[in-house]
Amino acid sequence: MCLCLASATGICQENPTTKKTDISANPSDHFMLQLASNHWTGEPDSISRHTGGLNRSANIYLMLDKPFKGNNHFSLAFGLGIGTSSIYFKKMSVLINSTNAQLPFVNKDSSMRFKKYKLSSSFLEVPIEFRFSSNPAEPSKSVKAAVGVKIGTMLNSKTKGKTLESSTGQTISSYTEKIISKKYFNTTRAGATARLGYGNFTAFGTYYFTPVFKDGVAADMKSFQVGLTLSGL
């Protein structure tokens with residue numbers, strides 16, 4: 001934008017107050033790594049009392065950032081990557097390979113069980129974000145915020161049990177069991193996400209509004225994640 005000087009020359013000079021920040025040296029693509037804890041909502045008491053521990057996961061995406069031409073403090077980013085989720089159970093098995101119409105969550109309080117047992121899944125996801133940066137020329141010294149959505153399709157889902165033990169907690173065997181099946185799961189998921197932080201680190205939260213399981217096979221449980229994001233943008 002130019003301001004014409006009130007002079008006989010009529011020469012226009014750039015208004016310094018409207019000059020855009022130069023971000024030409026910034027790369028347009030970045031990896032975004034997220035470390036998260038996972039949670040379910042809507043769990044029946046019969047399930048929630050058997051879940052515990054740190055339900056951790058990691059997500060990684062390659063993101064392409066497109067600053068707005070009129071104001072490069074704002075941008076639209078989209079990408080592709082892998083999102084994961086793990087829920088740990090105590091004294092319970094989840095029989096995802098069952099032939100039952102409903103997914104069995106089997107109470108193992110008084111029977112042989114695995115000392116460590118988890119249900120995990122991975123998704124191919126497309127994240128889309130609307131971003132703000134207070135200092136786009138120096139991303140490592142900028143306050144950052146973003147809101148967006150994630151849409152994904154399931155790659156796999158499995159249970160993993162380690163160390164078979166008796167009902168009294170005595171180790172029986174170091175046996176490890178893995179079962180893979182998508183039968184009971186909603187294989188498409190979509191959620192809303194938000195991030196806020198400074199520099200390369202932001203806190204994030206994602207709420208998936210699609211149910212974890214198919215209609216009628218289990219309670220209407222949904223999932224959410226909270227954690228830390230490492231990204232250059």
Side-chain angles (χ1 to χ4, degrees), residues 32-62 79-108 111-128 149-164 174-193 204-227 229:
M32 185 166 72
L33 173 65
Q34 296 181 329
L35 303 177
S37 61
N38 302 285
H39 308 270
W40 283 351
T41 65
E43 296 172 272
D45 290 342
S46 59
I47 296 176
S48 63
R49 70 185 184 90
H50 288 279
T51 58
L54 180 58
N55 300 317
R56 55 192 178 273
S57 68
N59 312 319
I60 186 166
Y61 310 100
L62 179 61
L80 184 68
I82 304 296
T84 66
S85 175
S86 294
I87 300 291
Y88 287 79
F89 294 85
K90 296 179 179 178
K91 301 178 182 180
M92 174 168 276
S93 292
V94 186
L95 306 184
I96 61 174
N97 62 341
S98 172
T99 58
N100 293 352
Q102 292 189 323
L103 173 60
F105 289 83
V106 183
N107 186 325
K108 295 283 187 174
S111 60
M112 187 170 61
R113 67 277 180 129
F114 287 103
K115 183 177 182 179
K116 296 181 179 179
Y117 192 86
K118 70 176 180 178
L119 170 64
S120 59
S121 57
S122 62
F123 288 79
L124 180 67
E125 289 190 312
V126 175
I128 303 171
V149 296
K150 292 181 181 179
I151 303 171
T153 183
M154 180 177 280
L155 297 175
N156 66 57
S157 186
K158 63 184 178 182
T159 58
K160 182 179 180 180
K162 296 179 66 176
T163 311
L164 200 60
S174 58
Y175 172 68
T176 297
E177 176 190 81
K178 293 181 182 179
I179 298 174
I180 301 174
S181 177
K182 300 179 185 179
K183 176 181 176 181
Y184 294 101
F185 295 88
N186 189 344
T187 56
T188 300
R189 73 175 183 180
T193 186
F204 86 95
T206 300
Y207 177 77
Y208 290 100
F209 38 80
T210 47
V212 176
F213 302 103
K214 294 177 180 177
D215 291 343
V217 305
D220 184 17
M221 293 179 278
K222 297 181 174 65
S223 65
F224 68 94
Q225 294 184 339
V226 292
T229 300

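Note that the structure is a prediction, hence the values are computed from the model and not measured.
- Atom CG of Asn100 has more than 12 heavy atoms from other residues, nucleotides or ligands within 6.0 Å.
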side-chain contact (heavy atoms from CB on, under 4.5 Å) assessment of Lys158 paired with Lys160: CA-CA 7 Å; Lys158 63 184 178 182; Lys160 182 179 180 180; 5.7 Å; no
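- Heavy atoms from other residues, nucleotides or ligands lying under 6.0 Å from NZ of Lys116 number 12 at most.
- Looking at every heavy atom in both residues, Met154 comes nearest to Ser121 through CE-CB, 4.1 Å.
- The aromatic ring centres of His39 and Phe224 sit less than 6.0 Å apart.
- Taking all atoms of both residues into account, the shortest heavy-atom contact from Phe123 to Gly152 is CD2-C, 4.2 Å.
- At a cut-off of 3.5 Å, with distance as the only test, no side-chain donor of Tyr117 or Lys108 sits close to an acceptor on the other residue.
- Residues Thr206 and Thr193 bring a donor and an acceptor atom of their side chains to less than 3.5 Å of each other.
- Although no hydrogens or angles enter the test, the distance criterion places a donor-acceptor pair under 3.5 Å between the side chain of Lys182 and the main chain of Leu155.
- The closest donor-acceptor contact from the side chain of Asn59 to the backbone of Thr84 lies under 3.5 Å.
- Looking at heavy atoms from C-beta onward, Glu43 lies out of side-chain contact with Val212 at the 4.5 angstrom threshold.
- At least one donor-acceptor pair closer than 3.5 Å links the side chain of Asn55 to the backbone N or O of Tyr88.
- Between the side chains of Ser57 and Asn38, a donor-acceptor pair is found at a separation under 3.5 Å.
- A donor-acceptor distance shorter than 3.5 angstrom exists from the side chain of Lys183 to the backbone of Ser98, with no hydrogens or angles considered.
- When all heavy atoms of Leu103 and Leu95 are compared, the pair lying nearest together is CD1-O, 3.5 Å.
- Using a 4.0 Å cut-off between charged nitrogen and carboxylate oxygen, Arg189 and Glu125 count as a salt-bridge pair.
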Residues Phe114, Tyr175; criterion side-chain contact (heavy atoms from CB on, under 4.5 Å); working and verdict: CA-CA 9 Å; Phe114 287 103; Tyr175 172 68; 3.7 Å; yes
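- Of all the heavy atoms in Ser46 and Met92, the pair that sits closest is O-CE, 3.3 Å.
- Smallest separation of non-hydrogen atoms from Phe213 and Leu119: CZ-CD2, 4.3 Å.
- Crowding of Lys162 atom NZ: a count of heavy atoms from other residues, nucleotides or ligands under 6.0 Å not exceeding 12.
- A donor-acceptor pair under 3.5 Å is absent between the side-chain atoms of Ser86 and the main chain of Ser120, judged by distance alone.
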